Amino acid sequence: MNIKVNTNFDNISESYLFSEINKRVSKYKNEHPNANIVRLGIGDVTLPLSKVVVDALVKASMEMGVKETFRGYPPEYGYDFIKEAIVKYYDRAGIKLDLDSVFLSDGAKSDLGNIVDILGDNEIYIPNPVYPVYLDSNIMSGRHINYLYGSIDNNFLPMPKDEYKTGIYYLCSPNNPTGATYNYDELTKWVEFAKRTGSLIIYDSAYEAFIKNDNYPHSIYEIDGSKECAIEICSFSKQAGFTGLRCGWTIIPLELKSDNHYLNKMWKRRQATKFNGVSYPVQRAAEAALSEAGIKECDINIQYYMENARLLSELFDKKGIYYTGGKSSPYIWFKCPNNMKSWEFFDYLLDKANIVGTPGAGFGTNGENYFRITSFATHENTKEAIKRLEELL
Ligand code: MLT
């Protein structure tokens, strides 16, 4: 062939972080078929969907098999019933949203990766370390990247600096991978900065349901003025166990305007062209997850995971190892022992303890020498991992 390809792909790592982990774990399993591997790597849930959600899924699926209730293409932006449920969910925290500012998606990852479609060539500011999707998608689009460095000095919570320019700022709170969470004061400083510099914040709140402490905002829209400078992207994956069902949402306030363009209108146009919506049964399941009963049932699973996080944190406290997360987040982020490099520790942990985690370096250069484990395993597997870590660390 003699076509041109997008050579920006030369500038991203050859495989996606979690694909690389899967590759290494499969190789190890082939070589050690009897190894009893405990997976604390990708943040994938292990508990089944709650009953309220399954009932809604089944009922909606049955409707699809009956002439009178069958539905074809769903609306690209989501049925009104689910958008209304999302508006109501925010309303519980006193946040008023326009129905038209809500867009249903097949998960936060897609919208976080696709939002670059409606943005021009801006300076991009990305936390380092952070969820790799923001970086990879901006590099694929040939954007210029700046980093907001997180480290032990700022407890992995980078704050705005005078030298930062107008641009697109990605924030993730509670953070993936560090679990560090902005409090009201800190997030207010980011919103004030964005307004002062005419910047846009893309706020990833996928882990907000794990916040059980009043000092931390669940949504950026709890901060005054944020509707003039922020898009929020959230997910049912961790909150309601939808990693396999796929559903999330994006809020683009109607007032967001730049360069004489309304971002909401542009995203509408983008979605209508490139997205055919979320399946009807999944939308009904999502609606059920946001009902009063659904929120309560899903919270039982969140508490289960947070108990794992508590047990894991206890181990690091006992060992005196520096870590963040584990309090308002399912992730625990800790310093590798003996100054080991992240991937070196990954191999070491897999080989010596048969535990899979995620190397910090996969989330950015400032993740080097750090490691992430999740609390999404079963209690049994978490306790087994703690026993093995107790001996190894
Ligand atoms: C993670 O482990 O970082 C997440 O599960 C990945 C994701 O949400 O796509």
Side-chain angles (χ1 to χ4, degrees), residues 74-108 110-112 114-115 118-119 168-174 182 184 187-188 190-192 194-195 199-211 214 216-240 242 247-258 261-272 275 277-278 282-292 294-295 298-299:
E76 300 96 335
Y77 319 125
Y79 284 106
D80 277 356
F81 65 76
I82 179 63
K83 294 200 297 177
E84 278 158 11
I86 291 168
V87 167
K88 202 166 145 214
Y89 183 65
Y90 278 84
D91 197 37
R92 292 165 91 236
I95 298 164
K96 305 283 170 221
L97 292 179
D98 291 294
L99 200 64
D100 279 349
S101 68
V102 182
F103 296 85
L104 203 70
S105 71
D106 61 353
S110 309
D111 284 6
L112 284 164
N114 291 329
I115 197 78
I118 64 163
L119 302 171
I168 312 293
Y169 287 78
Y170 286 80
L171 299 179
C172 177
S173 180
Y182 287 114
Y184 281 94
L187 200 54
T188 300
W190 271 113
V191 168
E192 285 168 358
K195 288 185 68 182
S199 297
L200 172 71
I201 295 175
I202 297 177
Y203 192 73
D204 179 354
S205 61
Y207 298 91
E208 63 80 24
F210 291 81
I211 298 173
D214 290 346
Y216 303 115
H218 288 254
S219 161
I220 195 161
Y221 302 123
E222 289 185 61
I223 310 296
D224 280 348
S226 55
K227 281 193 189 162
E228 291 146 50
C229 66
I231 287 174
E232 181 162 296
I233 299 183
C234 197
S235 169
F236 287 94
S237 286
K238 318 293 153 108
Q239 163 182 358
F242 275 46
C247 198
W249 71 81
T250 292
I251 309 293
I252 306 193
L254 305 185
E255 44 274 79
L256 275 185
K257 187 181 178 194
S258 199
H261 289 71
Y262 285 101
L263 270 53
N264 181 290
K265 212 171 143 200
M266 291 176 76
W267 185 247
K268 252 190 188 132
R269 187 66 187 82
R270 190 266 174 214
Q271 290 298 78
F275 186 57
V278 176
V282 171
Q283 297 202 35
R284 282 293 185 200
E287 179 193 29
L290 293 186
S291 65
E292 285 309 316
I295 291 171
C298 293
D299 205 52

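All values derive from a computational prediction rather than experimental measurement. Atom set for the values below is all heavy atoms of this structure, side chains included, hydrogens, waters and symmetry mates excluded.
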Q) Roughly how far apart are Thr250 OG1 and Gln271 CD, rounded to 0.5 Å? A) 7.5 Å
(Q) Can you confirm whether Phe275 is buried at CZ, in the sense that more than 12 heavy atoms of other residues, nucleotides or ligands lie under 6.0 Å from that atom? (A) yes
Q.
Once rounded to the nearest 0.5 Å, what's the spacing between atom CD of Glu232 and atom CG of Asp204?
A. 9.0 Å
Q: Could you check whether the rings of Tyr207 and Phe210 sit parallel, tilted or perpendicular, using 30° and 60° as the cut-offs?
A: tilted
**Q.** Taking every non-hydrogen atom, the tightest pair across Ile115 and Ile231
**A.** CD1-CD1, 4.1 Å
Q) How are the rings of Tyr221 and Tyr90 set relative to one another: parallel (under 30°), tilted (30 to 60°) or perpendicular (over 60°)? A) tilted
Q.
Would you say that Leu290 contacts Gln239 through its side chain, given a criterion of any heavy-atom pair below 4.5 Å between the two side chains?
A. yes
Q: State whether the side chain of Ser173 and the backbone N or O of Tyr182 hold a donor-acceptor pair below 3.5 Å, judged by distance alone.
A: yes
Q) Is Lys83 close to Asp100 at the side-chain level, that is, under 4.5 Å between some pair of heavy atoms? A) yes
Q: Verify side chain to side chain contact (heavy atoms under 4.5 Å, CB included) between Phe103 and Lys268, making sure each step is shown before the conclusion.
A: CA-CA 8 Å; Phe103 296 85; Lys268 252 190 188 132; 3.6 Å; yes
Q.
Any heavy-atom pair between the side chains of Val191 and Cys229 that's under 4.5 Å?
A. yes
Q: Decide, yes or no, whether a salt bridge links Lys195 with Glu192 under the criterion of side-chain N to carboxylate O below 4.0 Å.
A: no
Q | Closest heavy-atom pair and its distance - Ala240, Ala289 | A | CB-CB, 3.8 Å
Q: Would you please classify the geometry between the Trp249 ring and the Phe236 ring as parallel, tilted or perpendicular, with 30° and 60° separating the classes?
A: perpendicular
Q: Quick one: list whatever passes salt bridge (Lys or Arg N to Asp or Glu O under 4.0 Å) with Asp299, sequence neighbours left out.
A: Lys212
Q | Minimum-distance pair of heavy atoms, taken over all atoms of Leu263 and Ser258 | A | CD1-N, 4.3 Å
Q: Look up atom CG in Leu256 and atom CD1 in Ile118, then write down how far apart they are to the nearest 0.5 Å.
A: 9.0 Å
**Q.** For Pro217 against Tyr203, the heavy-atom pair lying closest together
**A.** O-OH, 4.4 Å
(Q) Return the CD1 to CG distance between Ile252 and Leu200, rounded to the nearest 0.5 Å. (A) 9.0 Å
(Q) Could you go through Ile295 and Arg92, starting from their C-alpha distance and side-chain angles, then the distance that decides it, and tell me whether this counts as side chain to side chain contact (heavy atoms under 4.5 Å, CB included)? (A) CA-CA 12 Å; Ile295 291 171; Arg92 292 165 91 236; 3.7 Å; yes
Q.
Are Pro174 and Ile211 packed together at the side-chain level, in the sense that at least one heavy-atom pair is separated by less than 4.5 angstrom?
A. yes
Q: Taking all non-hydrogen atoms of both residues into account, name the closest pair between Ala85 and Glu287 and its distance.
A: CB-CG, 4.4 Å
**Q.** Non-neighbouring partners of Asp224 that pass salt bridge (Lys or Arg N to Asp or Glu O under 4.0 Å), sequence neighbours left out
**A.** none
Q: With rounding to the nearest 0.5 Å, note down the distance linking CD1 in Ile202 to CG in Leu119.
A: 5.5 Å
Q) Would a 4.5 Å heavy-atom cut-off, applied to side chains only, mark Glu84 and Val102 as touching? A) no
Q: Identify, with sequence neighbours excluded, every residue that meets side chain to side chain donor-acceptor pair (under 3.5 Å) alongside Asp106.
A: Ser110
Q.
Restricting to non-hydrogen atoms, name the atom on Leu104 and the atom on Gly78 that form the minimum distance, rounded to 0.1 Å.
A. CB-CA, 3.9 Å
Q. Distance from Tyr77 atom OH to Ser101 atom OG, nearest 0.5 Å?
A. 13.5 Å
